[in-house]
There are 2 protein chains.
Amino acid sequence: MTTKPERADRGVTLADIAREAGVSLATASRAMSGARGVSAATTRKVRAVAERHSYVVSPEASGLSRGSTGRIGVLTRHIARPFYAEALEEIESVLADHGLDTVVYCVRTPEDQHSFFERLPARRKVDGLLVLALPLSPHEKERLDLLDVAVVAASGQTADYPYVSIDDAEAGRQAMDHLLRLGHRRIAMIDAIDPNASEWPIELRSLAYTRSLEAAGIELEEDLFVRVPWGAEGGAEGMERLLSLREPPTAVFIHSDDLAYGALRVLRRAGLEVPRDMSVISIDDAPMSELLDLTTVRQDARLQGRLAAETLLAMLADEPYQRARLTPTRLVPRGSTAAPAR
Amino acid sequence: MTTKPERADRGVTLADIAREAGVSLATASRAMSGARGVSAATTRKVRAVAERHSYVVSPEASGLSRGSTGRIGVLTRHIARPFYAEALEEIESVLADHGLDTVVYCVRTPEDQHSFFERLPARRKVDGLLVLALPLSPHEKERLDLLDVAVVAASGQTADYPYVSIDDAEAGRQAMDHLLRLGHRRIAMIDAIDPNASEWPIELRSLAYTRSLEAAGIELEEDLFVRVPWGAEGGAEGMERLLSLREPPTAVFIHSDDLAYGALRVLRRAGLEVPRDMSVISIDDAPMSELLDLTTVRQDARLQGRLAAETLLAMLADEPYQRARLTPTRLVPRGSTAAPAR
DNA sequence: CTGAAAGCGCTTACAG
DNA sequence: CTGAAAGCGCTTACAG
């Protein structure tokens, strides 16, 4: 019946199903969506016909009609780093369980990030957005609000969206506490900055470092605090700087596991033994840390992803939710820390 | 003018833009899409109005009309493993550069996988599908064909879709060759099987092992070939079995880096030194391998992801493409291999 | 419980 | 170069 044959065979439509089932389009639609107010027999009949044709309702058309997309966007700066990858995997899992698709927007570089907020490619494409460990400038937040969808942040946000995160200050305290209890007094810190991050919240981990030392009555030494770019290379650089001191520390608290891996390599190559010559602790408990016998403070990336996704689902369903959720961290003592040699 | 006010304020529509620009809907549509046949002045006027309202064309409506979704699905069993995460990151990057969204379908368990192929949640939602290192049974392939979209496989496929992959046999040969040249004769292999994989292609890596030994005139020893489940734990188990032999090998070729990490840990804990007591080589060159000083055969996950995405783009654009693309692998000699002790 | 009809927000052949 | 109109494949208030 179509006057445009080239469009005619895009596949079976609800109209076809309705016709074959001997009901109206409206009833077929209700039967397929499980809306109430259709007799069980009719529903069965319609669905049987649909089944026979391997028919599924077109999400595009359905979404257009009802005004939702059935998709959630995840905005992130990385996919291939353990924390992000694990959080993403869990997010996808939660969303899929609720029938929602996950679309990934990865802004690798500052340029990508800039263009994302200028062009807003997610506009009109998602029902909600999960912002993964991406601090937002006020301008970026303003742009994001143009999406006009629910937003939840996981870790390190600067805007005022509902969020899920660890308590970085507490995690830092746990790490420092462990070193102090072991008897260390000369404790260094290798802090990390993301060279690509335009904005970053107050660094709670380094704050924990200074506070813990102060609380223990230990004087701060400028040389013992180094700040390096993110990643194993940064950790290596930081450790090299510490080893070059006239009097190196006996222990070091490192911003995160990734950095610690680089630091451990430097120690090994320098012929130093861990933990005898240097205790090393960091934060994350990334997958490799167990293999490397690294003492660390565990944060659960998957849990954070899960809770963030669930928060977003609650917002979309207009159910109550917590604006701020802190997930627990805990010390995982392994072989890279011990009491100082003397 | 709408009779349904609750639907009225979903935002600015093309009709609003057209009205304000003083043109018809049709012309506004053409101006926004950049279709030819609109005067430059009109185009400018329409776009200016759109800009002023932060308007973008609704992908849902546009897609419904033109019959495409602007989305590509990625089907995978993992997100949080380096190979997958890197490939995915690159895929997203390529697709985003072409204005396409990436939606992830991660089937973690055999049940997830089964349900994916039964329910086909990607149906009517994507213009194409990238299957990441997921071997398909004939039945699964049959189901997938119901999606009626372009499909490209990256690594380890069993169906006959266009694909991108390394040459596993060649990679294995490179690894074995390295050990043989160093003078090893007693070479073991730790092979991996994915306990979740319903189907798996002929194992080309272990084939390379036997062939290389045969070519070198070395007799195969059953004890020297062990097969374990995937992951570091599997590698540890495999190495333990090899160490328990009356006469352990002097070198071992391991299916992939992940397994090698576990094997290295077992060696270290057993007080054995690498490479003095045992040479270790594997395939992948995952991010941690450099830190662990692991000799390996590098495969480029990002390149595979990129080429797979580009192949899919070519298919969608009806441009010529290669049905099979093999990406190169190369030996990366590091500190975990050396000539046998005596 | 069921149907006719309007509407979701676009695109595009057709006719100027 | 531009517009009126049909169509994309659904959903849902309205009226039985």
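By convention in this document, chain letters (A, B, ...) are assigned in the order of the sequence lines, proteins followed by strands, and residues within each chain are numbered from 1.
- Residue A/S24 has a polar side-chain atom (N or O) positioned under 4.0 Å from OP1 or OP2 of C/dG3.
- Base pairing of D/dA4: no nucleotide in any strand meets the Watson-Crick or G-U wobble criterion (both distances under 3.5 Å).
- Side-chain N/O atoms of A/R30 and base N/O atoms of C/dG3 include a donor-acceptor pair closer than 3.5 Å.
- At a threshold of 4.0 Å, the pair A/R306-A/E310 counts as salt-bridged, since one of the basic side-chain nitrogens sits closer than that to a carboxylate oxygen.
- Distances shorter than 4.0 Å separate some side-chain N or O of A/T42 from OP1 or OP2 on C/dT2.
- Nucleotide D/dG3 holds its P atom 14 Å from the CZ atom of B/R19, rounded to whole Å.
- Residue whose closest nucleotide on DNA chain D sits further toward the 5' end, between B/A61 and B/V38: B/V38.
- Across the protein-nucleic acid pair, B/K125 atom NZ and D/dC10 atom C1' stand 15 Å apart, rounded to whole Å.
- Between A/K141 and A/D160, at least one side-chain nitrogen of the basic residue sits less than 4.0 Å from a carboxylate oxygen of the acidic one, meeting the salt-bridge criterion.
- Here D/dA13 sits opposite no nucleotide as a Watson-Crick or G-U wobble pair (both hydrogen-bonding atom distances under 3.5 Å).
- Per the geometry, CG belonging to A/L64 stands 8 Å off C1' belonging to D/dC10, to the nearest Å.
- Put simply, B/S58 has no side-chain N or O that comes within less than 4.0 Å of OP1 or OP2 on C/dC10.
- Taking side-chain N and O atoms only, B/T27 has no distance below 4.0 Å to OP1 or OP2 of D/dC1.
- One atom, CZ of B/R123, and another, C1' of D/dG9, lie 16 Å apart when rounded to the nearest Å.
- Listed nucleotides D/dT11, C/dC10, D/dG3 differ in distance to A/L25; the shortest reach to its side chain belongs to D/dT11.
- Nucleotides D/dG16 and D/dT12 are separated by 16 Å at their C1' atoms, to the nearest Å.
- Closest to the side chain of B/S65, from the set D/dA5, C/dG7, C/dC10, is C/dC10.
- At a threshold of 4.0 Å, the pair A/E60-B/K125 does not count as salt-bridged, since none of the basic side-chain nitrogens sits closer than that to a carboxylate oxygen.
- As rounded to whole Å, 13 Å separates atom P of C/dG3 from atom CG of A/L14.
- Here A/R124 reaches the OP1 or OP2 of C/dC10: one of its side-chain N or O atoms lies under 4.0 Å away.
- At D/dT11, one or more side-chain N or O atoms of A/S62 fall inside 4.0 Å of OP1 or OP2 (strictly under the cut-off).
- More than 12 heavy atoms of other residues, nucleotides or ligands sit less than 6.0 Å from atom NE2 of A/H53.
- Contact check, B/Y55 against C/dC10: a side-chain N or O comes under 4.0 Å of OP1 or OP2.
- With respect to B/R108 and A/E92, a salt bridge is recorded, a charged nitrogen being found less than 4.0 Å from a carboxylate O.
- At a threshold of 4.0 angstrom between heavy atoms, the contacts of B/S29 include nucleobase atoms, whether or not backbone atoms are also involved.
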